[in-house]
Amino acid sequence: MDETTNPDAAAAGGDPDERAQAGADRPLRRDAERNRQRILEGAAAAFAELGLDVTTDEIARRAGVGIGTFYRRFPTKELLIEALFEDRVGKLVELAEECLRAEDPWAGLVSFLDQATARQVADRGLKELVFSTAHGRARIAADRDRIGPLFMALVTRAQDAGALRADIAGTDLGLVQLMLISVADFTREEAPQAWRRFLTILLDGLRTSRDAPSALPLPPLDPAQIARAMECHRPHGR
């Protein structure tokens, strides 16, 4: 039931949002909170699949609520983005801090590249927040700005240990992540984990030395798989 048609609202007197604003400590009515959770769930799926430019109409459709209900819960899309992604961007900061504590500097860098890429491959919206300043209110922006120096510390630590090539910059590895995410987008339907094969190849090229090439975790895509991936792939926004 939509919160706007709940007979309990009329009995209680006044618009539920006005009552909530008058008493900020009072919890939302049960149906209003349920609608909020439905919006968050619908938005999470839409942002992960389509990115942050998805329309509010599409989010409301996925949530199964009217557009009026959407705007009562989230007056702007930026507020919705903050509600969904503040924790996720913060988790990337925590991941970088955890990887900096790894005993082996190379292993710490590799772990961050692997886990951070996996999270962004699974969530287009998160990737866009990390690599763009177009979205995100102050708290998300603050966490995003913390990731850069932590990532640079991971790079410097691996270089100081003699494990990472000295001519590699942190921006190189940021673009490596974008390359891997692009591979994941292209092969998503045909071989969703194919990007890990290319991460292994790239890591071998980033190391200062190795006894032998690393074993690749996945086989290459054959020509038929590439053809099917080309048929399925549609650039974002088309």
Side-chain angles (χ1 to χ4, degrees), residues 43-45 47-52 81-133 135-136 139-161 163-165 168-208 210 213-219 236:
F47 287 146
E49 178 185 349
L50 303 173
L52 298 178
I81 289 171
E82 182 176 85
L84 272 174
F85 287 101
E86 182 182 3
D87 181 65
R88 299 182 197 187
V89 176
K91 293 292 187 186
L92 285 178
V93 173
E94 292 176 7
L95 173 63
E97 292 172 338
E98 177 185 335
C99 291
L100 275 171
R101 293 192 292 270
E103 184 176 349
D104 182 339
W106 173 254
L109 176 62
V110 170
S111 180
F112 181 82
L113 286 172
D114 179 82
Q115 294 187 63
T117 302
R119 295 181 192 186
Q120 293 170 66
V121 164
D123 190 335
R124 189 191 295 271
L126 178 61
K127 183 264 291 186
E128 291 178 4
L129 276 178
V130 171
F131 285 100
S132 171
T133 59
H135 295 277
R139 286 180 290 183
I140 289 179
D143 276 341
R144 180 175 56 211
D145 291 344
R146 289 175 61 197
I147 294 173
L150 291 169
F151 185 56
M152 291 300 299
L154 284 165
V155 171
T156 301
R157 187 167 177 255
Q159 287 174 327
D160 290 345
L164 175 67
R165 292 171 52 145
I168 291 295
T171 52
D172 291 327
L173 295 184
L175 292 175
V176 163
Q177 275 197 307
L178 278 176
M179 290 164 56
L180 295 169
I181 293 167
S182 295
V183 168
D185 283 342
F186 183 78
T187 63
R188 189 176 302 276
E189 299 299 325
E190 189 64 30
Q193 295 298 312
W195 66 271
R196 294 188 179 278
R197 174 181 174 87
F198 297 96
L199 174 60
T200 303
I201 293 170
L202 289 166
L203 289 174
D204 270 7
L206 292 169
R207 297 197 70 159
T208 54
R210 52 183 170 79
S214 300
L216 296 177
L218 294 162
H236 182 45

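Start at 1 with the first residue, then count along the sequence.
- Looking at Asp160 and Pro105, their side chains never come closer than 4.5 Å, going by heavy atoms from C-beta outward.
- Taking CG of Leu154 as the start and CG of Leu100 as the end, the distance is 4.0 Å to the nearest 0.5 Å.
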Practice task
For Arg119 and Leu95, run side-chain contact (heavy atoms from CB on, under 4.5 Å): C-alpha distance rounded to whole Å, both residues' side-chain angles, the deciding distance at 0.1 Å, then the answer.
Solution key: CA-CA 11 Å; Arg119 295 181 192 186; Leu95 173 63; 4.1 Å; yes
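- Minimum heavy-atom separation, Gln177 to Ala116: NE2-CB, 3.5 Å.
- For the atom pair Leu206 CG and Gln159 CD, the distance stands at 10.0 Å (nearest 0.5 Å).
- Remark: Ser111 OG to Leu113 CG distance equals 9.0 Å, nearest 0.5 Å.
- Without hydrogens or angle criteria, Asp204 side chain to Ser214 main chain gives a donor-acceptor distance under 3.5 Å.
- Across every non-hydrogen atom of Ala102 and Gly108, the tightest pair is CB-CA, 3.8 Å.
- For the atom pair CG of Leu202 and CG of Leu180, the computed distance is 5.5 Å after rounding to the nearest 0.5 Å.
- Within the model, atoms CD1 of Ile168 and OG1 of Thr156 stand 12.5 Å from one another, a figure rounded to the nearest 0.5 Å.
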Practice task
Could you go through the side-chain contact (heavy atoms from CB on, under 4.5 Å) check for Arg196 and Phe198 one step at a time?
Solution key: CA-CA 5 Å; Arg196 294 188 179 278; Phe198 297 96; over 6 Å; no
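- What you find for Asp123 and Ala48 is that their closest heavy atoms are OD1-CA, 3.4 Å.
- Nearest heavy atoms, Trp195 versus Ala184: CD1-CB, 3.9 Å.
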Practice task
Might you work through the side-chain contact (heavy atoms from CB on, under 4.5 Å) test for Leu129 and Ile81, ending with a clear yes or no?
Solution key: CA-CA 9 Å; Leu129 276 178; Ile81 289 171; 4.2 Å; yes
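- A donor-acceptor distance shorter than 3.5 angstrom exists from the side chain of Glu128 to the backbone of Leu52, with no hydrogens or angles considered.
- Here the closest heavy-atom approach between residue Arg207 and residue Arg165 is recorded as O-CG, 4.0 Å.
- Of the candidates Leu109, Leu203, Leu199, Leu199 is the only one forming a side-chain contact (heavy atoms from CB on, under 4.5 Å) with Asp114.
- If you take CG on Leu126 and CG on Leu92, they are separated by 5.0 Å, rounding to the nearest 0.5 Å.
- The existence of a salt bridge linking Arg146 and Glu97 is confirmed by a sub-4.0 Å separation between a basic side-chain nitrogen and an acidic carboxylate oxygen.
- For Thr200 against Pro217, the heavy-atom pair with the smallest separation is OG1-CD, 3.3 Å.
- Between Asp185 and Arg188 there is a salt bridge, since a side-chain N of the basic residue sits under 4.0 Å from a carboxylate O of the acidic one.
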Exercise for the section: Tell me, with the steps shown, if Ile147 and Val89 meet side-chain contact (heavy atoms from CB on, under 4.5 Å). Expected result: CA-CA 9 Å; Ile147 294 173; Val89 176; 4.2 Å; yes
